[in-house]
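Have a look at the structure below before the remarks.
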2 protein chains.
Amino acid sequence: MNLKELAATLNLSQTTVSRALNGYPEVREETRARVLAAAKAANYAPNSRARRLATGRAMTIGHVIPLTGRAEMVNPIFADFLIGAGEVYAREGYDLLLSMVTDGDSEAAFRQIAANGSVDGVMVQAPQITDPRIGLLQELDLPFLVHGRTGDARGYSWLDIANIRAFRRATDFLLDLGHRRIALLNGQEGFDFAQRRRRGFEEALAARGLCPLPHLMANDAMTEGFGYLSAAAMLDGPEPPTAFLASSVIIAIGIRRACGERGLRMGRDISVICHDDELSYLNNDVGGPAFTATRSSIRAAGRRCAEILIDLIRDPDQPPVQELWETDLTVGRSTGPCPAA
Amino acid sequence: MNLKELAATLNLSQTTVSRALNGYPEVREETRARVLAAAKAANYAPNSRARRLATGRAMTIGHVIPLTGRAEMVNPIFADFLIGAGEVYAREGYDLLLSMVTDGDSEAAFRQIAANGSVDGVMVQAPQITDPRIGLLQELDLPFLVHGRTGDARGYSWLDIANIRAFRRATDFLLDLGHRRIALLNGQEGFDFAQRRRRGFEEALAARGLCPLPHLMANDAMTEGFGYLSAAAMLDGPEPPTAFLASSVIIAIGIRRACGERGLRMGRDISVICHDDELSYLNNDVGGPAFTATRSSIRAAGRRCAEILIDLIRDPDQPPVQELWETDLTVGRSTGPCPAA
DNA sequence: CACCACACCCAAAGCGCTTTGGGTTGGCGA
DNA sequence: TCGCCAACCCAAAGCGCTTTGGGTGTGGTG
């Protein structure tokens, strides 16, 4: 069933039927009701391909996920973000186009997307410290929103959490408990957020005249395995840490495994703080907060990012929108005073 | 830049340019080369909206994710599946349309999708025991593939793992180690896979004349919190289990936490087997297999499912494709002989 | 009564591509 | 020389919708 046929059965023109369905005022309420009833009866829905061609809008937002082979890190985070964003897209009538791109083909993918007009805007996640995507999207004149930020952040729209403050606060928390040998298990160095978190960590140490200990710092994709291996190595090595600061609950779970194997009790023998993205299946609060954590819902971020991006699409000429979210610090059972040496 | 303009600059007709770009034989190689060069130079890509309207194909595959409010369970699994499928889609030139649907609106969403022709086929994940989606998609005559299966599985295409055999084998493994009080922490009862896994578990017990113990069985969304709370309650209750069988690594991580808090050493004081979907950020092999596990890569499943679905779309009249994958059993450090009572 | 505004409705022109159904040319065999 | 077949290329007709630019009839106003 298409518009033409529907119009024919109603003895109306396509124009009128189209207008009735799309809520234009030029049609009598009675007629509109008749059209809507007929459409429903015939199970008619306008063909989205035709509609998109006619309107010139794709009503679609693109998320481009780089598959870097190893940096699966995006994975757990991006899923929850996606769900948050997807909720809003659904509500606002936008489709979500997901592109998996083998790393390096990212630029080609964006150019393609821009040239063939399959989306009205794109979401950029996990920006690198120098990230070609931002300049490219500006050049392509495609509305976009960055989750996170990087470089000179004044020229584009983004939403980010206050990483430096969060990690500075977390470090202070450990320092206040008397810890001095604090390990930082961070995400891959190339990511802007990892750099910021490290800065927060270092600033807190510096404020008390302390220096970060190189053998207690590690960067990699934020997997459980990374947390486990690094923690194990550090705990078994010289000058082991008395506390860990981890960039993700997933890393912290690996740390917990390493501690468990060594008979170390979290919160007593060893302290762990992590950043909690509030992943839905790793709820930190079940049974009382397990980990002391800075927290900020990645899903909520996804929702808000989607809202902003849709705004940007509807009114592309507005000035950049920038939102910085503070994080909460939840005290859990994974931290305690530094045991006397 | 559009086809018309490109054709004009080349002094060729739209027809010829289109054919040159799409690899039709009716155009001289020399002309084709000239066209391709010009297209590249002008950074031309055919408008996907127009192309879709003209061809009648959406070149898009839909994944519909039900948001059941609490059943976040789909979440960790679906992300890896999505990545696997997405790789194949990208390779084959298909787009991936992701729809988040609040539970219950599922039917409306499918009808909508079918009526407006925005996809050429859909992927169905995590089927319930009685799942209206399958009948609906058959009625709508939309190509689809089910990851998992349910009901009378002969009439449609699916890919599934041998859940019953996997869990029977895992249970046997524990029984062989002397365990008799084995707890089963399973996914939500409504899901077909959960039912099958339970059957495997019960069959193994029955084969040795044993009965499942109701107080040692729990079903819920497969979160870390569920694993933790159930394990804690069981361990602290009467007749605690000496072994756990968990439907997911994520649950097993919760079990590990509960054990850790109670000073129970996995593999010695308590045994744990889980099913490992090989989630990329929870690699069970890092540092030697942590958990004894039945395993099957969800990402590989995603890839294969995508291939099958694309096949189905290209040739809709072929008989149903059905694939059953066996799982591996990896012995890790989380299991050991049942400690003497 | 003429005029205008308004409410309703319509025909037709796109949107940018693919594809049908020819045309035109050049070469080759008869 | 003619006819015919490839090899190339083209004009134009869709695909199914939105939207422009009127048309028609009714009621109110001067």
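Chain letters run A, B, ... following the sequence lines, proteins first, then strands; residues in each count from 1.
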Qualifying salt bridge (charged side-chain N to carboxylate O under 4.0 Å, His left out) pairs with a residue from residues 77-90 of chain A, counting only residues at least two apart or across chains: A:E87-A:R299, A:E87-A:R303

Without swapping roles, check the side chain of B:R154 against the backbone of B:P320 for a donor-acceptor pair under 3.5 Å. no

Check nucleotides 7-9 of chain C for protein N or O atoms closer than 3.5 Å to its own N or O atoms and list the pairs.
| residue | atom | partner | partner atom | Å |
| --- | --- | --- | --- | --- |
| C:dC9 | OP1 | A:R28 | NH2 | 3.1 |
| C:dC9 | OP1 | A:T31 | OG1 | 3.1 |
| C:dC9 | OP2 | A:R28 | N | 3.4 |
| C:dC9 | OP2 | A:T31 | OG1 | 3.1 |

DNA chain D-proximal residues of residues 46-56 of chain A, any heavy atom under 4.0 Å: A:P46, A:N47, A:A50, A:R51, A:A54, A:T55

Mind listing the side-chain donor-acceptor pairs of residues 112-119 of chain A below 3.5 Å, one per line with the distance, residues two or more places apart or on another chain?
| residue | atom | partner | partner atom | Å |
| --- | --- | --- | --- | --- |
| A:N116 | ND2 | A:Q112 | O | 3.0 |
| A:N116 | ND2 | A:I113 | O | 2.9 |
| A:N116 | ND2 | A:S118 | OG | 3.1 |

Excluding sequence neighbours, so at least two apart, what forms salt bridge (Lys or Arg N to Asp or Glu O under 4.0 Å) with B:E139? B:R111

Boundaries of the chain A footprint along DNA chain D (any atom under 4.0 Å from a heavy atom): D:dG16 to D:dG21

Which residues share a side-chain hydrogen bond (donor to acceptor under 3.5 Å, both in side chains) with B:N43, sequence neighbours left out: none

In short, ring-ring contact (aromatic ring centres under 6.0 Å, His included) pairs touching residues 28-55 of chain B with sequence neighbours left out are none

Got more than 12 heavy atoms from elsewhere within 6.0 Å of CG, B:D141? no

Partner residues of B:E323 under the side-chain contact (heavy atoms from CB on, under 4.5 Å) criterion, sequence neighbours left out: B:L159, B:R304, B:I308, B:W325

Member of B:V124, B:T150, B:V321, B:L324 meeting the side-chain contact (heavy atoms from CB on, under 4.5 Å) criterion with B:W158: B:L324

Scan residues 36-60 of chain B for pairs that pass salt bridge (charged side-chain N to carboxylate O under 4.0 Å, His left out), counting only residues two or more places apart or in two chains. B:R52-B:D95

Measure the angle between the two terminal helix axes of the helix from C:dC1-D:dG30 to C:dA30-D:dT1, five base pairs each, and quote it to 10°. 60°

Scan residues 309-318 of chain A for pairs that pass salt bridge (charged side-chain N to carboxylate O under 4.0 Å, His left out), counting only residues two or more places apart or in two chains. A:E92-A:R314

Which class fits the ring pair B:H147 and B:F81: parallel under 30°, tilted 30 to 60°, perpendicular over 60°? parallel

